[in-house]
Each structure stands twice: as structure tokens, then as C-alpha cells.
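Both counts, for ligands and for their atoms, begin at 1 and track the order of listing. For the single chain, residues carry numbers from 1 onward in sequence order. What you see is a predicted model; the values in this text were computed from it and never measured.
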Amino acid sequence: MMTDFATWVAARQTSFESVLQRLLPAAEVAPQRLHQAMRYSVLDGGKRVRPLLAYAAGELTGAPVARVEIAAAAVELIHAYSLVHDDMPCMDDDVLRRGKATCHVEYDQATALLVGDALQSLAFQLLSEQPLNDDAAKQLQMVKLLALAAGSRGMAGGQAIDLASVGRQLTLPELEQMHIHKTGALIRAAILLGAHCGNPASSQLDRLDRFGKLIGLAFQVVDDVLDCEADTATLGKTAGKDADHDKPTYVSLLGLPGAKEMAQRLHREALESLGEFGEPARRLRELADFIVLRKF
Ligand code: GRG
């Protein structure tokens with residue numbers, strides 16, 4: 001019998017925590033302070049949405065879990081690095097992340113910079129040293145996929161657009177471009193990497209790519225709504241920062257009802273893109289529901 005969604009999520013989150021525990025350098029190993037700060041920034045926090053998407057895509061393509069969890073860890077390490085750097089005074093300058101002090105507050109700025117650098121390197125070390133696909137050329141493609149998603153034409157590029165847009169009015173297509181890169185690229189990569197640990201048909205990859213694009217954007221629209229509607233304690237990060245920093249968001253452009261409507265539309269289209277996959281795509285559909293209906 002298929003377990004319910006909450007049980008599936010809890011089981012994956014628990015086993016993924018052990019995977020991260022194992023893959024991160026031990027706190028006692030030199031340089032201890034850096035390793036402690038890396039573990040502080042990655043372990044015991046976050047919803048693990050990207051890893052869950054990778055697991056779900058892997059289930060669709062018959063991927064061995066031992067492979068998917070390495071790909072999922074690589075994506076989560078990139079995500080954790082981006083949060084550590086984003087919170088620094090030279091970027092978003094925040095003191096709270098995942099319900100605890102941000103890395104540069106708990107440690108110091110230089111350590112936070114190095115934590116991000118080292119997490120990014122570790123992600124690519126894992127993708128290149130662990131067996132993820134029987135075909136070495138395909139595994140090389142997976143390394144490239146994550147590099148593109150994280151780099152200047154992906155997440156880092158989206159962050160650059162974000163920094164340059166403060167105080168400016170963006171058009172809807174400009175805002176969409178920013179978020180497709182900043183948030184969407186890594187979410188899309190998580191889904192495709194999970195799928196590539198198995199044997200996806202090219203028609204499956206096309207559909208998953210479309211699903212990833214739509215649900216990555218939906219994630220950000222909901223993030224904008226929550227920044228405006230939820231409180232700091234629920235989010236585990238400072239709420240209301242977008243308006244305080246005069247940042248263009250879906251809420252500032254479309255208003256709250258308009259942003260919510262857009263999230264619903266993206267959700268619907270994301271589910272449609274999985275149309276013909278049936279039962280094996282059940283977890284992806286449930287994750288899409290979670291991403292749009294979440295309250296934190
Ligand atoms: C510094 C290169 C660089 C990039 C930073 C991800 C990012 C780009 C900035 C984080 C700030 C932010 C609010 C981004 C948009 C949405 C987002 C990615 C939120 C955080 O992701 P969640 O909700 O966080 O999945 P948890 O803590 O659950 O993992």
C-alpha cells in the first residue's frame with residue numbers, strides 16, 4: 001500500500017538528514033571552525049523541498065535511491081551556500097535563517113564567505129566522484145546541468161538581477177526572468193538530476209523540465225505572498241523584507257489577489273504537464289500541491 005504524503009515526506013527528510021550528516025566533513029576535522037560552520041548552515045533546518053523533488057523525480061524514472069540522495073545533496077548544498085551568502089551584509093543583510101542566527105552572525109563574515117565557497121565545491125565533488133549513472137557521459141551532463149543552474153546564467157545571475165532591481169519598477173516579464181533564474185533554475189535542476197539518476201525517456205525529460213519551470217516559478221510567487229502575509233516566527237526568517245527593501249515582487253506588481261491567482265494558474269499548468277504520467281508521478285503532484293498551499 002502506498003504511504004500517505006506526510007509519511008513519505010517525513011521518511012525522506014529523516015533519511016536525507018543522515019545522508020547530509022555523512023557527506024559533510026566532520027566537525028572535529030581541521031579546519032574545525034569552517035567545518036562546524038558548514039554543518040551549522042546545512043544540518044537540522046529547511047523544508048528540503050529541492051531534495052524531495054529530486055526523490056520524487058527519481059521515483060518516476062526508476063532511479064536507485066542511493067544515487068538520487070547524492071544528487072539531492074549536491075543541490076541542497078548549493079541551496080544552503082546561496083542562503084549563507086544571501087544573508088550576508090553585502091547582500092540581503094539578515095540575522096535570522098531557518099529559525100536560528102545566520103551564519104555570519106553565529107560565526108563571522110569571512111567564515112560565512114568560505115562556508116558558501118566550500119559547500120559549492122563539495123556539491124561538485126559529490127556529483128563527480130559518486131556513481132550516479134552507468135553512462136559516464138550522462139553523468140558529466142549532470143555536472144554541467146548543476147553548474148549551469150547555479151552559475152551566472154542561473155541562480156547567481158538571478159541574484160545579480162535581484163540586487164540591481166532594488167528600488168526599480170520591473171515589468172512582469174522582467175520579474176519572471178529574475179525569478180526563473182534566481183529560484184527556478186535550482187528547483188528545475190533538482191527535478192532533472194533526480195530523473196537522470198534513472199533512465200528517463202526524452203519525452204519524460206521534456207515534461208519534467210516544463211513541470212520544473214512552472215513549479216519553480218510558483219514557489220517564488222508563493223514566497224512573495226508569504227513574505228507579505230506570514231510572520232517571522234512561522235517563516236523562520238525575517239518577514240516583510242521585500243516591501244521594507246522596496247523590492248519588486250509579484251505582490252507589488254499584481255497585488256495580493258493577483259499574485260495568489262498567478263500561483264494557482266502555475267500550479268494548474270504544472271499538474272497538467274505531468275498529465276500522462278499517472279501513479280508514478282503521484283509524489284511530484286503532491287509536492288506541487290505542497291509548494292503552492294504551504295504556509296511557511
Ligand atoms: C547568493 C548566489 C546567491 C544566490 C542567492 C536563493 C537566493 C539566491 C537567495 C535567497 C533569498 C530568497 C528569499 C530567495 C527566494 C526564495 C527562496 C529560494 C527561499 C528559500 O528557499 P526555501 O524556502 O528555504 O526552500 P529552506 O530554508 O526551506 O531550505
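- Near His85, the atoms of ligand 1 lying under 4.0 angstrom from a non-hydrogen atom of the residue are 1 (C).
- Salt-bridge check for Glu59 with Arg282: failed, with every basic side-chain N at 4.0 Å or more from each acidic carboxylate O.
- Results of the side-chain contact (heavy atoms from CB on, under 4.5 Å) test with Cys103 over Val84, Leu114, Leu83 single out Val84 as the only residue that passes.
- Nearest heavy-atom pair across Lys247 and Asp92 is NZ-OD1, 3.7 Å.
- Using modelled atom types, one side-chain atom of Gln13 and one backbone atom of Lys47 make a donor-acceptor pair closer than 3.5 Å.
- In this structure, atom 11 (C) of ligand 1 lies nearest to the protein heavy atom Asp86 OD2, 3.1 Å.
- Electrostatic pairing of Lys241 and Asp246 does not count as a salt bridge here, judged by no charged N lying under 4.0 Å from a carboxylate O.
- The residues Glu261 and Arg265 are annotated as not salt-bridged, no charged nitrogen and carboxylate oxygen being separated by less than 4.0 angstrom.
- Nearest non-hydrogen protein atom to atom 8 (C) of ligand 1 is Gln159 OE1, 3.4 Å.
- Atom 16 (C) of ligand 1 has its closest protein heavy atom at Gln220 OE1, 3.4 Å.
- The Tyr81 neighbourhood of ligand 1 comprises atoms 2 (C), with distances under 4.0 Å to a heavy atom of that residue.
- Close to ligand 1: Arg50, with a non-hydrogen atom less than 4.0 angstrom away.
- Salt bridge status for Asp87 with Lys237: absent, with no side-chain N to carboxylate O gap under 4.0 Å.
- Considering Ser82, Pro51, Gly46 only, the shortest heavy-atom separation from atom 6 (C) of ligand 1 involves Ser82.
- Remark: minimum distance from atom 17 (C) of ligand 1 to any protein heavy atom is reached at Phe219 CE2, 4.1 Å.
- For atom 23 (O) of ligand 1, the nearest non-hydrogen atom of the protein is Lys47 NZ, 2.6 Å.
- Contacts between Asp227 and ligand 1, counted as non-hydrogen atom pairs separated by less than 4.0 Å, are absent for every part of the residue.
- Closest to atom 27 (O) of ligand 1 by heavy atom, among Arg98, Met88, Lys241, is Arg98.
- With Ser128 contributing its side chain and Phe124 its backbone, the two residues share a donor-acceptor pair below 3.5 Å.
- The main-chain N or O of Leu52 is never found under 3.5 Å from a side-chain atom of Arg12 such that the two would form a donor-acceptor pair.
- In terms of protein heavy-atom proximity, atom 24 (O) of ligand 1 is nearest to His79 NE2, 3.5 Å.
- Heavy-atom distances between Val49 and ligand 1 stay at or above 4.0 Å for every pair.
- Asp223 OD2, 3.8 Å is the protein heavy atom nearest to atom 13 (C) of ligand 1.
- Using a 4.0 Å cut-off between a side-chain N of Lys or Arg and a carboxylate O of Asp or Glu, Glu69 and Arg22 qualify as a salt bridge.
- Nearest protein heavy-atom contact of atom 14 (C) of ligand 1 is Lys182 CE, 3.5 Å.
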